[in-house]
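Remember, predicted model here, so these are calculated numbers, not experimental data. Below, all heavy atoms of this structure are taken into account, side chains as well, without hydrogens, waters or symmetry copies.
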Amino acid sequence: HIGYIYAKVYKNHKLAISFIEKAISLGKKQKESYIMLAKLYAMEGNTTKAIKLLNSLQIKGDCLLKAELFFLANSYMKAIEVVNDCEVYR
């Protein structure tokens, strides 16, 4: 959707966030929209908001998505910590 275009093509994360938030508020409540929104929050440095959103989705195996969010926010050590704690690798 248009939020993805603004994020990937134009590198305008703030505008992409506003488009995705608007789409969700209008009823487009697809999991992918929420995941993209969480990734954009992380890219903007709002990891707390991104993780909170991701937790609300209760996605199976979400620890890898959480690690990706920390990575996108340049919190590399936290990303490694999340991966190390991930049950997928136990």
Trainee: Check salt bridge (Lys or Arg N to Asp or Glu O under 4.0 Å) between Glu21 and all other residues, then give those that pass, not counting sequence neighbours.
Mentor: none
Trainee: Could I get the full list of side chain to side chain donor-acceptor pair (under 3.5 Å) partners for Lys14, not counting sequence neighbours?
Mentor: Glu44
Trainee: Show every salt bridge (charged side-chain N to carboxylate O under 4.0 Å, His left out) that has at least one partner inside residues 33-42, sequence neighbours left out.
Mentor: Lys39-Glu68
Trainee: Got a sec, which residues hit side chain to side chain contact (heavy atoms under 4.5 Å, CB included) with Ala50, two or more places apart in sequence or on another chain?
Mentor: Ala38, Tyr41, Ala42, Leu69
Trainee: I need the Leu53 CG to Leu37 CG distance, nearest 0.5 Å.
Mentor: 5.5 Å
Trainee: Would you mind listing the cluster partners of Tyr76? Hydrophobic ones only (ILVMFWY), side-chain contacts under 4.5 Å, chaining allowed.
Mentor: Phe71
Trainee: Of all heavy-atom pairs between Asn12 and Leu15, which one has the smallest distance, and what is that distance?
Mentor: OD1-N, 3.0 Å
Trainee: How long is the gap from NZ on Lys78 to CD1 on Ile51, to the nearest 0.5 Å?
Mentor: 8.5 Å
Trainee: Would you call Leu40 and Met36 a side-chain contact if the rule is heavy atoms closer than 4.5 Å?
Mentor: yes
